[in-house]
Every structure is written in C-alpha cells, then in structure tokens.
Amino acid sequence: MRRAKLHEAESAANLRHTRAAHAEERSQDYLETIADLILQRGEARATDLARALGVTHATVVRMVQRLQKQGLVSSLPYRSIFLTTKGRKIAQQAKNRHELVVRFLESIGVPPVIARKDAEGIEHHVSEETLSAFERFVLRKKSRD
C-alpha cells in the first residue's frame, strides 16, 4: 500500500512537470519563431508569426500579450514584435536545445527530416541532464568519425 502511494505521488509530480513544460513550450516556440523571423526578414509581424506557427492571428495576439506581461517581447498595435533581452536569451536557449536534439537524433541514425520534426517535441521535455548526455554522445561520435 505504501509503495502504491509513493508511485502515485511520483506520477502526479511527473504529470505536473509535464503540464508546466507544455505551457513553457508554447512560449519558447513563439520566442524562437520571432527571433527567426527577425533574422530572416528584419522584423516579426503577427501575420507572419501566425503563418509560421500555423495558428490564427487572434491566437498570436493573445500570446504576444501574455509574452509582453512576462517581459519577453515588446509590441505596439499594428507594429512589429520585438524580443526583450530576456526574450532573446530564452529564444537562443530554445534554439540551442533544438539544434542539440536534432544533432543527437541524426547521430543515432534518424533521418534529418524526421529528426527536425521529432526535436520539436523532445526539446521542451528533456532535462538538462539528458541534454548533457545527448551532447556527450554527439561529441564522442563526432570525434570517432
């Protein structure tokens, strides 16, 4: 009975962690996409962001408002969206995580197109310890090749 309660508590904690990760995941995807649009086009507009993320303009507006409240972006109505220093830092971290997961998946034989697709979900849910293990593996493999 005691073991079952411990398992239940661990399971609940894992689910809470996953729910929190999902909330952060959307924010990170927006920040990373805003950074990419600024790099590619010199600006990030809500319509371009909606198209890039496959969501409606209204969804983008709501998320941008949320990101503004968190101090991650700045924007004026009908103007471009800009990353704050904090937003740029999170966007870069998300991009680095994504690229590391892609490199890891490719290094174990996953085709590049699938590795990029799969990395979209994995990058948000792995711990720093797992990412470090991915990096060690990629570096060892690279040094052997």
Side-chain angles (χ1 to χ4, degrees), residues 1-57 59-75 80-145:
M1 181 72 164
R2 188 170 190 202
R3 186 179 289 173
K5 285 189 181 206
L6 286 175
H7 178 68
E8 186 177 294
E10 182 182 337
S11 178
N14 290 343
L15 289 170
R16 277 192 301 277
H17 172 77
T18 299
R19 283 192 302 276
H22 281 304
E24 278 188 42
E25 179 178 344
R26 267 183 274 131
S27 294
Q28 290 174 3
D29 285 343
Y30 270 79
L31 295 172
E32 191 175 355
T33 303
I34 291 167
D36 287 345
L37 287 169
I38 291 170
L39 185 65
Q40 295 165 6
R41 300 177 181 192
E43 67 177 352
R45 298 178 309 140
T47 54
D48 297 328
L49 194 52
R51 193 174 306 116
L53 292 168
V55 298
T56 66
H57 187 271
T59 299
V60 168
V61 170
R62 282 193 305 274
M63 180 56 95
V64 168
Q65 289 171 346
R66 187 174 304 136
L67 294 172
Q68 281 180 307
K69 287 177 186 172
Q70 295 172 349
L72 301 173
V73 302
S74 64
S75 179
S80 294
I81 304 160
F82 300 95
L83 295 170
T84 64
T85 301
K86 184 177 174 185
R88 274 192 301 279
K89 182 179 177 185
I90 292 170
Q92 188 59 54
Q93 289 170 337
K95 187 170 200 63
N96 292 345
R97 289 172 71 94
H98 178 85
E99 290 172 357
L100 175 56
V101 172
V102 169
R103 286 194 318 268
F104 171 75
L105 293 172
E106 288 177 349
S107 73
I108 61 171
V110 176
V113 170
I114 295 171
R116 287 191 302 274
K117 179 183 171 192
D118 288 349
E120 281 302 326
I122 295 170
E123 72 190 61
H124 300 289
H125 299 281
V126 296
S127 66
E128 291 301 320
E129 293 83 2
T130 300
L131 283 172
S132 293
F134 284 3
E135 187 168 31
R136 286 189 306 273
F137 182 88
V138 169
L139 290 173
R140 276 196 310 269
K141 183 154 179 19
K142 186 176 178 181
S143 69
R144 283 183 273 162
D145 291 345

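These values consider heavy atoms only, across backbone and side chains, with no hydrogens, waters or symmetry-generated copies.
Atoms CD1 and CD, from I90 and E24 in turn, are 8.0 Å apart once rounded to the nearest 0.5 Å. Annotation: the span from R103 atom CZ to E106 atom CD amounts to 9.5 Å, rounded to 0.5 Å. Note that NZ of K89 and CG of L72 are 12.0 Å apart. Values are rounded to the nearest 0.5 Å. Taken from CD in E123 to CG in D118, the straight-line distance is 11.5 Å, to the nearest 0.5 Å. Interatomic distance, CG of L53 versus CZ of R26, reported as 11.5 Å (0.5 Å rounding). Between the CD1 atom of I114 and the CZ atom of R116 there is a distance of 10.5 Å, given to the nearest 0.5 Å.
Residues R88 and L83 share a closest heavy-atom pair of NH1-O, 2.8 Å. Heavy-atom minimum distance, Q28 versus A94: CB-CB, 4.1 Å. Minimum interatomic distance between V73 and I34 (heavy atoms only, all atoms of both residues): CG1-CD1, 4.0 Å. Closest approach of A119 and V102 over heavy atoms only: CB-CG2, 3.5 Å. Nearest approach of T33 to D29, heavy atoms of both residues: OG1-O, 2.7 Å. S27 and M63 get closest at one heavy-atom pair: N-CE, 4.2 Å.
In this structure, R136 and S132 have side chains that are in contact, with non-hydrogen atoms separated by less than 4.5 Å. Side-chain contact between I122 and L105 is present, with heavy atoms from C-beta onward closer than 4.5 Å.
Put simply, the side chain of R97 never gets that close to the backbone of L131: no donor and acceptor are under 3.5 Å apart. Using a distance-only test at 3.5 Å, with no hydrogens or angles considered, no donor-acceptor pair links the side chain of S107 to the main chain of V138. Judged by distance alone, the side chain of Q68 and the main-chain N or O of S75 form a donor-acceptor pair under 3.5 Å.
Looking at R140 and S143, their side chains never bring a donor and an acceptor atom within 3.5 Å of each other.
Scanning for ring-ring contact (aromatic ring centres under 6.0 Å, His included) contacts around Y30 gives an empty result, with sequence neighbours left out. For K95, the salt bridge (Lys or Arg N to Asp or Glu O under 4.0 Å) partners at least two apart in sequence or on another chain are D36.
Applying the salt bridge (Lys or Arg N to Asp or Glu O under 4.0 Å) test to pairs two or more places apart or on separate chains, those with a residue in residues 38-54 are R41-D48, E43-R45, R45-D48, D48-R51.
Taking the six-membered ring where tryptophan is involved, the planes of F104 and F134 are essentially parallel, since the angle between them stays under 30° and well short of 60°.
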